[in-house]
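This report refers to the structure that appears directly beneath it.
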Amino acid sequence: MGKLVLIDGNSIANRAFYALPLLSNRQGIYTNAVYGFTQILLKILDEIKPEYILVAFDAGKVTFRHADFKEYKGKRLQTPSELSGQFPMLRELLEAFQITYFELNGYEADDIIGTLTKTAETENLDTIVVTGDKDMLQLASDHVSIYLTRKGITEVEAYGPKQIKDKYQLTPKQIIDLKGLMGDTSDNIPGVPGIGEKTALKLLHQYGSVEEVLAHIDEISGKKIKENLSIYREQAILSKQLATIFRDVPLQFSIEQLTYHGFDQEKVYELFSKWEFHSLIERLEIDKGENIHQDQILQLKINSFTDESKQIWNTILNQGDQPLALHVETNGENSTDKILGISLSNDTEQLFLSIENVMDWPEFQNWLKNPDAAKWVYDAKRTEMVFFWNHIQIEGIQFDLLLGSYLLNPSDGAVFLSDIAKQYNYMGLQSDEGFYGKGAKREIPEQNLLMEHISRKAHVIYHLKPFIENKLIENQLSELLYAVELPLSRVLAKMEKIGVKVDEERLKLMGVEIEQTLKKLTEEIYELAGVEFNINSPKQLGEILFDKLQLPIMKKTKTGYSTSADVLEKLEPYHPIIGQILHYRQLGKLYSTYIEGLLKVIHPKTKRIHTTFNQAITATGRLSSTEPNLQNIPIRLEEGRKIRQAFIPSEPDWLILAADYSQIELRVLAHISNDEKLIEAFQKDMDIHTKTAIDVFRVNEDEVTSLMRRQAKAVNFGIVYGISDYGLSQNLNISRKEAGEFIDRYFAVFHGVKQYMKDIVERAKKEGYVSTLLHRRRYLPDINSSNFNLRSFAERTAMNTPIQGTAADIIKLAMIQVAEQMEQKHLRSRLLLQVHDELIFEVHPDEIDEMKVLVKDTMEHALDLNVPLKVDMNIGKTWYEAK
DNA sequence: TATGTCACG
DNA sequence: ACGTACGTGACATAC
């Protein structure tokens, strides 16, 4: 006859939650309790093969036990939000498994389980109770065994009357008496003070029950125990009552109704995929339905380049509208690195080519440059750039797995193809690090393995594309991919190909000057310190300043004294060395990063600097720039700003045009918050910081001092960053209270902004993510965290990301539109750089007026907001002069 | 490889 | 009370 399994849902979920690290899926949903619970459930289904099964949950906060003892469970910590959020998922899980779960107001899971074991007993049915709670041992009998979880999660220990006897020399019923005497801190059952497990067991072995113990208090040895037993006799009786599982819960169903018929494969698969329980999917060998079949994955059919395969693939390439996946592998991360191989894949077969094969095969080159021949790739821009450096043209990239997966979760940044494959349960692709080895151990495996690895990449791209695309559609992100990111990758590629001309001689000359000043400063600092040391070492510098010179310690880092610029600025009055150090730092930075650093990356052939724009890194949708970073060329201090004199047009007589959005983030905020005052300010084109000062300090325009404007500006920054009084106070060097007042006054005027901040955080808590105007999405896994720090950070991010992200959306649109129009009008001028809210061009002298109009107009109308967008422009012979 | 610092928006 | 401003990348030092 079959068995009945009864699972204590709350207990198992709790055990799993605390036994496992706080796992979460890429949407930031915590899954550890669900994962552990699922593991135990699978083990039970597998090993016991129950005929009937039920999961019982505790219902509500108040049970009948509270009527007797209102402190019941009083000391128990509140369930952390990371766990409580997982209970609805457990219900989903059980529904997919088609397992009955049950809870009843006023009762705990124990009582439901106790009642069912009683019923089962009358039907002579063997029952197994699964729990982490020792109290349940009282239910054990010849027909009922208790499976207690042990350390870890899937290890259980089975208890029947015999095991309880062996361990405690008690009958199951006496477990209740044990609790009555010793109590239970986790449920706040008091027991008798001074009596722990040892004493309780001794007493019960002698007298048998709480009542009998109390009846024989006089005989008991030990003065303190005797005393406590008589003082707390009532409490002992009450404790016993509390520990007794109630076995007559009115249940409206029969055991027959708990029959287990197996799980719903499709639903279980769907949940496991969503929660990223990949190993469990494997374990269940679920038929993946519309998902990838492993046997299909493992079977590559790789063709190498022969006369025969050439004929076959010529036919395939000529099928025009049939898309193919394309992958180019290089020996390193740069697009200038040597090509190791090129692969193509359709549904069933792959073709592997060397770069020489490509050169020998004009039909393939034609296919590559045919814009109507659809290509699917991983990293469109890189693909284009690698071919570019090899003098090969490519058009017609219609899908990019990297950009697609970035849009699905930008917080992951750029993920490797092998990681994306894993996310979709394609297990066949090794990571590059695993395949090639890393660091000094890196080497290229033999040709056959290399062919397979590279071919497999094309295969993965081909098979994953529909899955990524479906998810994009589901999240309303496909338009962002097709209308923004993919076209933008072409624009960025063009910018990278052109590069920026740098006046090498000028840079070197500036370097010599800086070097001399640095040398002088170094000597002066040694003189003032009275000793030579490494000024670049925060550790050594800290020792000099704070130990040797005894300057006051303002701030500490986790490893020692802080010597950052804001600390040093406060120390300036104390010692002349400080000013010299600040100057040294400033020049040192210029020299190493901007003189040496830039000279290093001037391309030997083109004599220009070709940065790489990263389109899939930031969590907000902004671009980033590397090798070198051309988005952080100095401007704030004049000494550094001079670096920009070295950035010049690449053709004689051309000019540099810089066009920047004025206050784009605050304008975006005005739009999305729909704040009346802010909108009005921008419609009247007011100086926004002055306007803020007028409102926050309640003065007339002519009364606004420069200090007030500066402070108002900081408040505006604070608003965009997700305001906090502490942050503002640090920035302005004022007290937290004062900062708080500024914020209050700001919100008193800008109601709409206040409302927006409140709404967006609320929405993030509910949805788990925030979005930009173009639906770009960022998940905020910590928004409901019980950890104050994590939660606060997520809240500020919720406020900031729609603003920063929408601004990023807008300039991306502008770049695409500007590039389109320049092409349409056959202009020779070129877009060179993007720096978040500005675009830098080099302009042909004949096109200056046309470009000025085109750029300004296009940028200002890239997206229609309920405030005007404003663009300022400057032109000059160098980037420095375009100010 | 991690940390502190500093360049930019 | 908790302890931070949002988003990046490069360099030097110390581990």
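Chain letters run A, B, ... following the sequence lines, proteins first and then strands; every chain starts at 1. None of these values were measured; they are calculated from a predicted model.
As rounded to whole Å, 10 Å separates atom P of dC6(B) from atom CG of L541(A). Spacing between atom NZ of K556(A) and atom C1' of dT5(B) amounts to 18 Å, rounded to whole angstrom units. We find that CG of N800(A) is positioned 12 Å from C1' of dG9(B), with the value rounded to whole Å. Atom pair I581(A):CD1 and dC6(B):P shows a separation of 11 Å (rounding to whole Å applied). Atom P of nucleotide dT5(B) and atom CD of E569(A) are separated by 13 Å, given to the nearest angstrom. Rounded to whole Å, the distance from CD on E638(A) to P on dA7(B) is 15 Å. Atom CG in L568(A) sits roughly 15 Å away from atom P in dG4(B) (whole-Å rounding). If you measure from atom CD of E838(A) to atom P of dC8(B), you get 12 Å, rounded to the nearest angstrom.
Here the separation of dT5(B) from dT4(C), taken at their P atoms, is 15 Å to the nearest Å. Using atom P as the reference point in both dC6(B) and dG3(C), the two lie 25 Å apart (nearest Å). One P atom belongs to dC2(C), the other to dA7(B), and the distance between them is 32 Å to the nearest Å.
Of all heavy-atom pairs spanning E638(A) and K642(A), the tightest one is OE2-NZ, 3.0 Å.
A side chain to side chain contact (heavy atoms under 4.5 Å, CB included) with I723(A) is found for one member of V720(A), D725(A), I719(A) and no other, namely I719(A). The side chain to side chain contact (heavy atoms under 4.5 Å, CB included) test with R644(A) is passed by exactly one of T878(A), I635(A), I656(A): I635(A).
Note on V835(A): only backbone sugar-phosphate atoms sit closer than 4.0 angstrom, heavy atoms only; bases stay farther off. N629(A) comes within 4.0 angstrom of the backbone, heavy atoms only, and of no base. Among the heavy atoms of the strands lying under 4.0 Å from A565(A) are primed sugar atoms or P, OP1, OP2 only; no base atom is included. Among the protein residues, E665(A) comes within range of no part of the nucleic acid, since none of its heavy atoms lies under 4.0 Å from any strand. T801(A) comes within contact range of no nucleotide atom at all, as no heavy-atom separation falls under 4.0 Å. Within the nucleic acid shown, A807(A) has no heavy atom closer than 4.0 Å to any nucleic acid atom. L728(A) comes within 4.0 angstrom of a nucleotide base, judged by non-hydrogen atoms across all strands. Residue-level contact check: R791(A) touches neither bases nor backbone, having no heavy atom under 4.0 Å from any strand. Residue-level contact check: G718(A) touches the bases, meaning some heavy atom is under 4.0 Å from a base atom. Within 4.0 Å of A739(A), counting heavy atoms only, lies no atom of the nucleic acid at all. Counting any heavy atom pair closer than 4.0 Å across all strands shown, Q540(A) reaches sugar-phosphate atoms only and no base atom. Here N731(A) lies in heavy-atom contact (under 4.0 Å) with a base. Counting non-hydrogen atoms under 4.0 angstrom, I803(A) reaches nothing in the nucleic acid. The residue I617(A) sits close only to the backbone: its heavy atoms come under 4.0 Å of sugar-phosphate atoms, none of a base.
Comparing P538(A) and S792(A), the nucleotide of DNA chain C nearest to each residue sits closer to the 5' end for S792(A).
Between D782(A) and R791(A) no salt bridge is recorded (no basic side-chain N to carboxylate O distance below 4.0 Å). Salt bridge status for K856(A) with E860(A): present, with a side-chain N to carboxylate O gap under 4.0 Å. Taking 4.0 Å as the cut-off between side-chain N and carboxylate O, R709(A) and D687(A) count as a salt-bridged pair.
Under a 3.5 Å cut-off, the side chain of Q834(A) and the backbone N or O of I840(A) do not form any donor-acceptor pair. At least one donor-acceptor pair under 3.5 Å links the side chain of Y406(A) to the backbone N or O of T618(A).
Separating the OH atom in Y661(A) from the CZ atom in R667(A) is a distance of 11.0 Å, to the nearest 0.5 Å. One finds the OG atom of S662(A) at 5.0 Å from the NZ atom of K870(A) (value rounded to the nearest 0.5 Å).
Counting heavy atoms from C-beta outward, S673(A) and F750(A) have side chains that stay 4.5 Å or more apart.
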Secondary structure of DNA chain C per the Watson-Crick/G-U criterion (both distances under 3.5 Å; [ ] crossing, | other strand, . unpaired) is .....|||||||||.

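Checking the phosphate oxygens (OP1, OP2) of dC8(B), a side-chain nitrogen or oxygen of R636(A) falls inside 4.0 Å. Side-chain nitrogen and oxygen atoms of T557(A) include none within less than 4.0 Å of the OP1 or OP2 phosphate oxygen of dT3(B).
Boundaries of the chain A contact region on DNA chain C are dC2(C) to dC15(C), first to last in 5' to 3' order (nucleotide atom under 4.0 Å from a heavy atom).
Using bins of under 30°, 30° to 60° and over 60° for the plane-to-plane angle, the ring pair Y561(A)/F546(A) lands in the tilted bin.
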